Amino acid sequence: MRLVVAKCSVDYEGRLRAHLPLATRLIMVKADGSVLIHSDGGSYKPLNWMNPPLALREASPDEDAAALGALSVWNVSSAKTDDKLTIYFHSIEHDSAHELGTDPGLIKDGVEADLQRLLAEQIELLGTGHRLVRREYMTAIGPVDILARDASGAAVAVELKRRGDIDGVEQLTRYLELLNRDPLLKPVTGVFAAQQIKPQARTLAEDRGIRCLTLDYDAMRGIDDSSGRLF
């Protein structure tokens, strides 16, 4: 990755035209060829950028740009479109290159597999008297995350999501339709469990007789005592 901190102006031509007046900015050229221009603000979002495949040529400024104080120019052009990015450098405060290596990617905490394991271990969160039958209970259209029995012995199918939306409710509905054809299981009720459940999903679930359960992941891991909170 190449990092350049410089006083520069930028012109973009493509689906529209855009101009960044002269100011000090950070220009990033990543190993994949992408070029991003950042200011000292705006969180993660660059002021302008171009995605690979690109061609980047460093050149001397023409007479007009030189007369305005430009010392060098980057001409960035897309290999697939007519998009062009022209960066006029008036001064460079920093220019360095760094080999970052292969990134292992983001490892998410609180993924569905973790929620499934924790809920299976704390099955009483479904209600007093519930007991686990098994995780990943297989059906003809895929596995139900958790199959349990309630205090009366009735079967309960649980679908787990980090963020519960309508698609998750539809998925659980399909599972329930299949499970209720099994004379050894029916009647099977459903629980839609997630860290966050969207209002539309909750409304749909309740309309179909599916119970919703909001899970506190930190409390389930034992690192946050939710009973001691004011909010």
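Note: hydrogens, waters and symmetry copies are ignored here, and every other heavy atom, side chains too, is used. Note that the structure is predicted; figures quoted are calculated from it, not measured.
- Using a 4.5 Å heavy-atom cutoff, the side chains of M50 and D83 are in contact.
- Within a 6.0 Å sphere centred on CG of D82, heavy atoms belonging to other residues, nucleotides or ligands number 12 at most.
- Its side chain outside the 4.5 Å cluster rule for every partner, M138 clusters with none of the Ile, Leu, Val, Met, Phe, Trp and Tyr residues.
- Smallest separation of non-hydrogen atoms from Y175 and P143: OH-O, 3.2 Å.
- Evaluation of the side-chain contact (heavy atoms from CB on, under 4.5 Å) rule for T214 yields I197, R202 as partners, not counting sequence neighbours.
- Inter-residue side-chain proximity for P53 and K80 is flagged as met; some heavy-atom pair is nearer than 4.5 Å.
- Residue pairs that meet the salt bridge (charged side-chain N to carboxylate O under 4.0 Å, His left out) test with at least one member in residues 152-161, sequence neighbours left out, are E159-K161.
- For R117, the salt bridge (Lys or Arg N to Asp or Glu O under 4.0 Å) test picks out E121, with sequence neighbours left out.
- Within the model, atoms CG of L213 and CG of L119 stand 7.0 Å from one another, a figure rounded to the nearest 0.5 Å.
- Screening residues 29-45 for salt bridge (charged side-chain N to carboxylate O under 4.0 Å, His left out) gives no qualifying pairs among residues at least two apart or on separate chains.
- How far OG1 of T189 is from CG of D150: 6.0 Å, rounded to the nearest 0.5 Å.
- Considering CD of Q116 and CZ of R135, their distance stands at 4.5 Å, rounded to 0.5 Å.
- Looking at residues two or more places apart in sequence or on another chain, you find no side-chain hydrogen bond (donor to acceptor under 3.5 Å, both in side chains) involving N180.
- Looking at every heavy atom in both residues, C8 comes nearest to I27 through SG-CD1, 4.0 Å.
- The side-chain contact (heavy atoms from CB on, under 4.5 Å) check on P61 picks up A65, A66, A70, V73, with sequence neighbours excluded.
- Each of L56, N48, I37 was scored for a side chain to side chain contact (heavy atoms under 4.5 Å, CB included) with I87, with one residue passing: I37.
- Scored by the salt bridge (Lys or Arg N to Asp or Glu O under 4.0 Å) test, E58 finds R2 as partners (sequence neighbours excluded).
- Residues passing the side-chain contact (heavy atoms from CB on, under 4.5 Å) test with R211, sequence neighbours excluded: L126, H130, V191.
- The salt bridge (Lys or Arg N to Asp or Glu O under 4.0 Å) test applied to E170 returns R208, not counting sequence neighbours.
- Taking every heavy atom of both residues into account, L54 and S78 meet most closely at CD2-CA, 3.9 Å.
- Judged as a side-chain contact (heavy atoms from CB on, under 4.5 Å), and not counting sequence neighbours, the contacts of L178 are T139, A140, I141, R181.
- Summarising the geometry of P46 relative to L36, their closest heavy-atom pair is CG-CD2, 4.0 Å, with the distance given to 0.1 Å.
- Here the CD1-CD distance, from I166 to Q171, works out to 14.0 Å after rounding to the nearest 0.5 Å.
- Interatomic distance, CZ of R162 versus CG of L215, reported as 12.0 Å (0.5 Å rounding).
- Residues meeting the salt bridge (Lys or Arg N to Asp or Glu O under 4.0 Å) test with E13, sequence neighbours left out: R17.
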